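Please read the structure below before turning to the comments.
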Amino acid sequence: MTELITALGVVFSPMPFLFIVVGVVLGIVVGAIPGLTGAMLIALTLPLTFFMVPVEAIILLIAMYVGAISGGLITATLLRMPGTPAAVMTTFDGYPMARAGHPGRALGLGIGASFVGGMVSWTALFLLAKPLSIIATRFGPFEYFALIMMAMVLIASVSEGSLVKGLIAGLLGMLISMPGVDPSSGMPRLTWDWYMLNGGLKLLPVLIGVFAVSQILSDLMEMNQKIQKVEMSRKGIFMSLDDWRKQAFNLIRSSVIGTGVGILPGIGASIGSVIAYTAAKNMSKTPEKFGKGSEEGIVSSEAANNATVGGALIPLISMGIPGSVIDAILIGALTIHSIQPGPTLFTTNADIVWAMIAACLVANIVMFIFMTTFVGHLSKVMYMPRLYVLPVVLIFCVIGSFALNNTMFDVWTMVAFGILGLFLEKARYPLGPFVIGFVLAPLGEAKLRSGLMMTDGDITPVFTRPLAASFTVIAVILLVYPFYSEWQQKRKADLG
């Protein structure tokens with residue numbers, strides 16, 4: 001508790017607190033503009049943090065993370081267009097309620113649920129991060145390798161589309177991370193004598209390309225899409241005590257689901273909101289109202305997707321494993337500032353860890369105050385013409401990529417991965433496994449090689465050590481079960 005109080009003192013200092021407010025506001029605004037995402041915002045902001053104090057840089061990015069997840073609620077409710085993928089389930093009930101003449105009520109339920117979800121997940125972050133990091137210090141290289149492989153299979157198995165496509169995307173990300181210097185021999189590999197590849201493909205241009213440039217290209221193709229507007233009204237924006245009482249169980253259940261899903265490596269907010277929404281519908285006394293403006297549906301979706309933020313930070317801080325795609329970008333931010341995420345983070349950079357935890361708490365409070373106060377003005381941001389927004393975003397993409405090493409190679413890398421990201425999305429290959437594969441592959445390779453050097457090339461500890469074997473078995477089950485389930489369904493259909 002002493003560490004948290006000290007961190008709160010740092011966070012409430014003028015500059016860090018200013019960065020939290022700016023981060024939350026920018027996140028909400030970007031989340032409220034169709035076509036722009038939190039991942040895009042954070043990837044574009046990374047170059048701006050190069051010369052910032054590490055604590056302030058990480059605080060800014062976490063505040064953006066919290067704001068962006070929350071901001072998607074506005075477009076989901078008023079336009080039936082989720083500002084972020086995490087708000088997809090909110091469109092099912094938020095938009096019908098808004099169309100029925102209660103936009104303020106729909107937004108108020110969503111904002112209240114977002115705050116509760118964020119606070120429940122923050123409590124889990126505060127209570128679990130340090131104990132899990134202590135447990136993780138007992139992991140050897142083979143345990144880490146098996147955990148990383150489990151995370152890769154896990155995100156592939158729950159991503160949009162088929163398991164095969166998720167695995168292909170993850171393997172492609174791992175393959176693209178391989179050019180550069182071999183960590184064991186020190187010799188260049190997969191560079192084809194091109195000296196620009198000796199340092200490997202940099203994380204920042206890849207992230208900006210995959211998330212920002214691909215989205216810009218996609219939006220350009222849909223520039224003429226018409227938007228149906230809903231008139232905004234603040235009536236009902238504040239939940240009454242009776243509302244809190246009626247929704248209490250739904251709020252807690254959905255927040256716990258979101259937190260649990262966030263802790264699982266690589267899944268993210270979208271899956272959390274789907275599971276919580278399904279659970280709310282199955283346990284509701286009025287399931288027929290879901291999809292037609294159900295208050296329970298809005299609450300469950302928004303509580304869960306915001307709860308995944310704190311949940312996803314737990315494996316990032318404790319084990320150095322990203323809980324979501326945005327957390328993969330945060331790992332890149334920590335690395336840029338020479339901070340190694342993982343179980344030793346509480347020992348080597350305790351001030352950074354507690355500042356992250358404190359920033360998550362304060363950002364949720366700022367988000368709630370800002371959203372309830374300015375949601376009427378924020379609703380106008382949604383209708384900003386993309387014709388003016390996209391060129392500005394593209395300019396920042398180019399500047400951010402070039403600023404990394406002052407070379408055009410990084411700009412062309414960004415463009416290439418923007419095109420690749422567009423093709424992957426159009427072909428329904430999920431970007432999550434691709435990015436997390438790119439981020440985790442070097443760590444997984446380093447751990448595997450380290451373990452093999454300790455055992456003179458013997459890989460059997462992956463299957464014989466209890467923890468490593470457990471992670472391996474889970475990975476195999478996750479890999480095999482979808483194929484088995486599909487075979488069972490076909491078998492039943494043939495017999496029927």
Side-chain angles (χ1 to χ4, degrees), residues 1-13 15-24 26-27 38-39 41-42 45-46 48-49 52-70 117-134 136 259 262-263 265 268-269 306-367 439:
M1 184 60 75
T2 305
E3 297 95 336
L4 177 63
I5 294 172
T6 304
L8 285 171
V10 173
V11 167
F12 279 110
S13 301
M15 285 305 293
F17 185 69
L18 176 63
F19 282 125
I20 285 184
V21 174
V22 170
V24 169
L26 284 175
L41 172 65
I42 294 172
T45 307
L46 273 185
L48 304 179
T49 68
M52 292 175 63
V53 177
V55 171
E56 295 177 353
I58 301 303
I59 283 174
L60 174 65
L61 298 178
I62 286 179
M64 289 179 171
Y65 188 6
V66 172
I69 295 293
S70 306
M119 295 308 293
V120 169
S121 69
W122 177 84
T123 303
L125 172 64
F126 173 66
L127 295 175
L128 298 179
K130 191 168 185 177
L132 282 178
S133 71
I134 294 171
T259 303
I263 292 173
N306 281 267
T308 58
V309 175
L313 288 173
I314 294 173
L316 184 151
I317 291 172
S318 303
M319 295 176 282
I321 302 293
S324 70
V325 173
I326 292 181
D327 287 277
I329 303 175
L330 290 177
I331 284 181
L334 290 168
T335 305
I336 285 171
H337 288 280
S338 302
I339 300 167
Q340 181 58 50
T344 60
L345 196 57
F346 273 97
T347 304
T348 57
N349 296 98
D351 58 329
I352 298 287
V353 179
W354 287 108
M356 292 171 70
I357 294 172
C360 186
L361 170 63
V362 176
N364 274 288
I365 297 171
V366 172
M367 176 276 296
V439 171

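Note that the structure is predicted; figures quoted are calculated from it, not measured. Numbering starts at 1 and runs along the sequence shown.
- Looking only at distances, a side-chain donor or acceptor of S121 sits under 3.5 Å from a matching main-chain atom of G118.
- One N or O on the side chain of S318 and one on the backbone of A129 form a donor-acceptor pair closer than 3.5 Å.
- Within the 4.5 Å cutoff, the side chain of L46 has heavy atoms near those of the L61 side chain.
- In this structure the side chain of T259 never reaches within 4.5 angstrom of the side chain of T308, judged on heavy atoms.
- Two residues are said to be in side-chain contact when any heavy atoms from C-beta on lie closer than 4.5 Å; L334 and I352 meet this criterion.
- Rounded to the nearest 0.5 Å, atoms CE (M119) and OG1 (T123) are 6.0 Å apart.
- The minimum heavy-atom distance linking P16 with I59 is given by the pair O-CG2, 3.9 Å.
- Pairing each heavy atom of I339 with each of P54, the nearest pair is CD1-CB, 4.0 Å.
- Closest approach of W122 and C360 over heavy atoms only: CD1-CB, 3.9 Å.
- Closest approach of A312 and Y65 over heavy atoms only: CB-OH, 3.8 Å.
- When all heavy atoms are compared, the tightest approach of V11 to A359 is CG2-N, 4.0 Å.
- To the nearest 0.5 Å, the span separating CD1 on I20 from CE on M64 amounts to 12.0 Å.
- When only modelled atom types and interatomic distance are considered, N306 and S70 share a side-chain donor-acceptor pair under 3.5 Å.
- Put simply, the side chain of V53 does not reach to within 4.5 Å of the side chain of M15, judged on heavy atoms.
- Distance CD1/I317 to CG/L128: 11.0 Å, rounded to 0.5 Å.
- In this structure, CG in N364 is found 11.0 Å from CD1 in I69, a value given to the nearest 0.5 Å.
- For the atom pair CE (M52) and CD1 (I58), the distance works out to 9.0 Å, reported to the nearest 0.5 Å.
- Smallest separation of non-hydrogen atoms from G9 and S13: O-OG, 3.1 Å.
- Looking at heavy atoms from C-beta onward, V10 lies out of side-chain contact with D351 at the 4.5 angstrom threshold.
- If you take CZ on F126 and CG on L313, they are separated by 15.0 Å, rounding to the nearest 0.5 Å.
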Under the side-chain contact (heavy atoms from CB on, under 4.5 Å) criterion, do M356 and L330 qualify, and how do the steps go?
CA-CA 11 Å; M356 292 171 70; L330 290 177; 5.6 Å; no
